[in-house]
Each structure stands twice: as C-alpha cells, then as structure tokens.
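The structure presented is a predicted model; accordingly, all values stated were derived computationally and were not measured.
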Amino acid sequence: MVNVKNLATNKQKDRRAAFVKKLVDSKTKFTIAANDAFVRSIQSIGYKSTGSAAAEIIDNSIEANASKVSIEIGYGDNKNQITELIFADNGFGMDDVTLRYAMTFGGTDREGSSDLFGRYGFGLPASCMSQGNVMTVYSKEPGKPIYELSFDLNACSKGEYTDKKTGDMLMPEATSIKALPKHLQKITDDDFGGFKSGTIVVMSDLNRHCLTNKSLNGLKTHLIHHLGATFHKYLDRISMSVCEDKVTPIDPTFADPKCVAYDIAGLKAVQMPPQEFTLTDEITGQKGKIRVSFAYLGPKFTQSDKSRGRIAREYNGFIISRNGRIIDCITRIPAPIWPNAPKNAIKV
C-alpha cells in the first residue's frame, strides 16, 4: 500500500503555479495535443515490437502502390551499434504539402475509411517516434522535385518548432533538395534503378531500449519474420527485403501453399470450415462482415520443423486481420469476456 504521507503534494502546488505562469507567458493556445509532451507520451506508449512499428511504414508504401520496399539497418563502429532504420519504396510519392501533413499526428485524408489499412493518420509519426527521436522523410512524385522534411523531438522540446507569436507548435515546411544523401541514393540506385518516385523514411537517434533486438543480425531476423507474417497475403504483389535478404511469406494458419512450412513430408494443418458474421456498429448503424477461419495443427505438426514451432508458438491465439494484413494476435483472453472457455484455455 502507498504511504500517502510520503507523497510530495506540497511540491505539486508550486510546480503547478510555475507551469501556469509558463503557459500564460508563452501565450499557449491550449491545442488538443500538448506539444512535445504529447509526442513523448506517444513514444512511451510504443508498439509491441520494432516489427510492428515497421509495418506501419510499409502500410503507407502499399497504399502508395509501391511494387518494392527495401529496408536497411544502419550501424556505427560495430553491428551491435544500430544507428538508424531506413525504409525506401518506389510508390507514387508525396508533394511538399502532403508530406508536411503526413508527418503530423492525425494528418491523413483517410479518416474513417474502411479500405486498405490507414484510418487515423498516426502510423508514420507514431511508429518513428516509438523507435527514436528523429524522423526524416524524403519523397518524390514522378517528374517532380525531391522534398525533405525532418522532425526532431529534442529540438521540439527546446521550442525550435514553436511559433513565438502564437505559441503553437508547428511542423516545419518541407524543403526541395537537388539530390538524396549519398547512402540513400545508393539504396535507390541499387534497388529501384534511381529515385524516380517514392518515399524514404529514416528513423534515427534511436532509443536502444525500444528496439526489439540490439544486434544487426537479430533485428534483421526479427523484421524478416514479423513482416513476412504481417503481409503474407501481399508478398505476391509487392517485393520486400531487409538488408538485401528477401522477406518470404509466412501464413500463421499454414493454409497457403505458397507460404513457409505449408507442407513438410505430407504433414499439413487441418483447415476447418470458415464462419462469417454480420455485425452492426451501434453508433453509426453501418454493417460489416467478420470472417473467422480455423486451423488445427495437431500434436506432431511442429515436431518436424523448427520454423513451424516458432510460428505456431508466436501466433497461437486469435489472429486479427484487416484486408488481409495481420493487425494483432491475442494469445491471452480476459476471463470476463470468455465465460464458456474450455478448461485448459489460457485466460487472464
């Protein structure tokens, strides 16, 4: 039990008074998001893994009609000193206004949409800030200039993005550049035959404790595995690579013959008949369908191959997908919402 006598309630009053004075002096407009404090809160909320954050960037690449995504991991003096994550695609790119808006929280033209993935406009900035303090984006439309825009959370905290007259924190304007930095140009030359159109997202000033793996090989393996499962239904139309190694499709239900470990020595997963339900949104009245598929692996299924065992353990639960893109996997179900669960089911 907390000893309430030890709580610094007296200091709270003084701190609040000083904070109010700061707000008044800076003529803050009381925007819905509290400037850099909001961004740091998002950073702390984070994602389940670096792979989950990376998937948000790739969502945008797919929506931009890219045919290829190349992911590179930058490192310093040794391979355990990861310095940046680079995501490059050959999609249709963005103009300067769209780029500036896309880097803000909630900046999207797809609010409430039901097609593809994005709906809220948080993917790009939230995923970048979950892994580091700086996000830099380069984007180019066909036949148009290259635009660059960078957001630095530490600079934001120092007031470098705050309008001195209004007190508003503003995303800087994108600037036109003549050429990409040399290491990014090499990526586009090697993988896309040049930067004719597309977007490059660079996460830098990384927070090491946020990375799922601290070593180059470990993080590379994690990304290949996670993205292979998340986008397994899209990898026949879009090519992905991590440090030049191809991302291969992984179906966690082992139902797709084109995916990893589908058939080993004739042993396959047993696919049950799917069920479909129509649900109605209680607020909007809009109807939507949920399709539920089942797969039974059996006691000997994972014994024949280590990769099967890893996939089965990681995705043993309720796999939630949207438009073929895996969103999450619920492995532990809260007891109150599953009263008729089997006796051996894992509940929390």
Side-chain angles (χ1 to χ4, degrees), residues 48-52 54-55 58-59 61-62 67-69 71 116-117 212-213 217-279 288-334 337-338 340-348:
K48 281 187 173 181
S49 67
T50 301
S52 297
I58 294 172
D59 285 345
S61 297
I62 294 176
S67 62
K68 188 172 184 178
V69 177
I71 303 169
L116 290 177
F117 317 123
T212 300
N213 298 83
N217 290 333
L219 188 58
K220 173 183 170 182
T221 300
H222 161 71
L223 289 173
I224 289 175
H225 177 81
H226 185 92
L227 299 176
T230 301
F231 297 103
H232 71 274
K233 291 188 176 181
Y234 287 84
L235 291 173
D236 59 346
R237 69 190 75 174
I238 183 171
S239 172
M240 294 184 198
S241 63
V242 181
C243 299
E244 302 183 4
D245 280 6
K246 186 176 181 180
V247 175
T248 54
I250 298 172
D251 179 3
T253 65
F254 300 94
D256 190 338
K258 299 187 297 294
C259 293
V260 171
Y262 165 75
D263 182 352
I264 297 178
L267 184 60
K268 306 177 186 177
V270 179
Q271 305 301 320
M272 306 296 186
Q275 297 182 23
E276 194 169 273
F277 305 89
T278 299
L279 300 180
K289 291 184 178 181
I290 293 180
R291 181 182 175 87
V292 184
S293 301
F294 306 86
Y296 175 67
L297 305 187
K300 297 182 179 180
F301 185 80
T302 60
Q303 295 177 5
S304 58
D305 185 78
K306 290 183 179 180
S307 63
R308 274 185 169 182
R310 177 184 177 183
I311 297 167
R313 287 191 300 272
E314 186 173 350
Y315 292 94
N316 181 23
F318 291 90
I319 302 170
I320 302 172
S321 299
R322 183 168 184 256
N323 292 322
R325 190 266 209 213
I326 292 180
I327 303 297
D328 200 0
C329 180
I330 309 300
T331 57
R332 293 178 179 268
I333 312 301
I337 67 172
W338 198 10
N340 61 339
K343 293 182 179 181
N344 60 344
I346 300 175
K347 299 188 293 182
V348 293

Nearest-0.5 Å distance that lies between atom OG in S241 and atom CG in L227: 10.5 Å
Quick check: do N213 and K220 have side-chain heavy atoms less than 4.5 Å from each other? no
How many angstroms lie between atom SG of C259 and atom CG of L235, to the nearest 0.5 angstrom? 8.0 Å
For the student: nearest non-hydrogen atoms of T302 and A312, plus distance: CG2-CB, 3.8 Å
Heavy atoms only: give me the nearest F277-V292 pair and the separation to one decimal. CE1-CG2, 3.9 Å
With rounding to the nearest 0.5 angstrom, report the CG to CD1 distance, N316 to I330. 12.5 Å
Mark yes or no for whether T212, through its side chain, and T50, through its backbone, hold a donor-acceptor pair below 3.5 Å. yes
Inter-residue atom distance I224.CD1 - T248.OG1, 0.5 Å rounding: 7.5 Å
Hey, what do you get for CZ (R313) to OG1 (T331), rounding to the nearest 0.5 Å? 13.5 Å
Heavy-atom count around R237 CZ within 6.0 Å, excluding the residue itself: above 12? yes
Test side chain to side chain contact (heavy atoms under 4.5 Å, CB included) applied to V260 and S307, step by step: CA-CA 8 Å; V260 171; S307 63; 4.2 Å; yes
Say whether, by atom type as modelled, one donor and one acceptor occur between the side chain of S321 and the main chain of G324 under 3.5 angstrom. no
With a 6.0 Å cut-off (strictly less than), is the heavy-atom count around CD of Q271, excluding the residue itself, greater than 12? yes
Taking S239 for its side chain and K68 for its backbone only, find out whether a donor-acceptor pair lies under 3.5 Å. no
Any donor-acceptor pair under 3.5 Å from R308 side chain to Y262 backbone: yes
Verify, without hydrogens or angle tests, whether H232 (side chain) and A229 (backbone) share a donor-acceptor contact under 3.5 angstrom. yes
Determine the minimum heavy-atom distance between A269 and L297, stating which atoms define it. CB-CD2, 3.7 Å
Looking at every non-hydrogen atom in both residues, tell me the closest pair between T253 and A295 and how far apart they are. O-CB, 3.5 Å
Assess the residue pair D236 and K258 against the criterion (salt bridge (charged side-chain N to carboxylate O under 4.0 Å, His left out)); give the C-alpha distance rounded to whole Å, side-chain angles, the decisive distance to 0.1 Å, and a yes or no. CA-CA 9 Å; D236 59 346; K258 299 187 297 294; 5.3 Å; no
Mutual orientation of the aromatic rings belonging to Y234 and F231 [parallel < 30°, tilted 30-60°, perpendicular > 60°]: perpendicular
Minimum heavy-atom distance I319-P252, with the two atoms named: CD1-CB, 3.5 Å
Is there side-chain contact between M240 and I71, with heavy atoms separated by less than 4.5 Å? no
So, for E314 and C329, which heavy atoms are closest and what is the spacing to 0.1 Å? O-SG, 4.1 Å
To the closest 0.5 Å, what do you measure between CD (Q275) and OG (S293)? 9.5 Å
Measuring only between side-chain heavy atoms, which start at C-beta, is I290 closer than 4.5 Å to L279? yes
Please walk me through it: do I311 and H225 pass side chain to side chain contact (heavy atoms under 4.5 Å, CB included)? CA-CA 9 Å; I311 297 167; H225 177 81; 3.8 Å; yes
So, applying side chain to side chain contact (heavy atoms under 4.5 Å, CB included) with V270, which one of F301, F254, Y296 is it? Y296
Would the distance check show the side chain of D256 and the main-chain N or O of D251 forming a donor-acceptor pair, the cut-off being under 3.5 Å? no
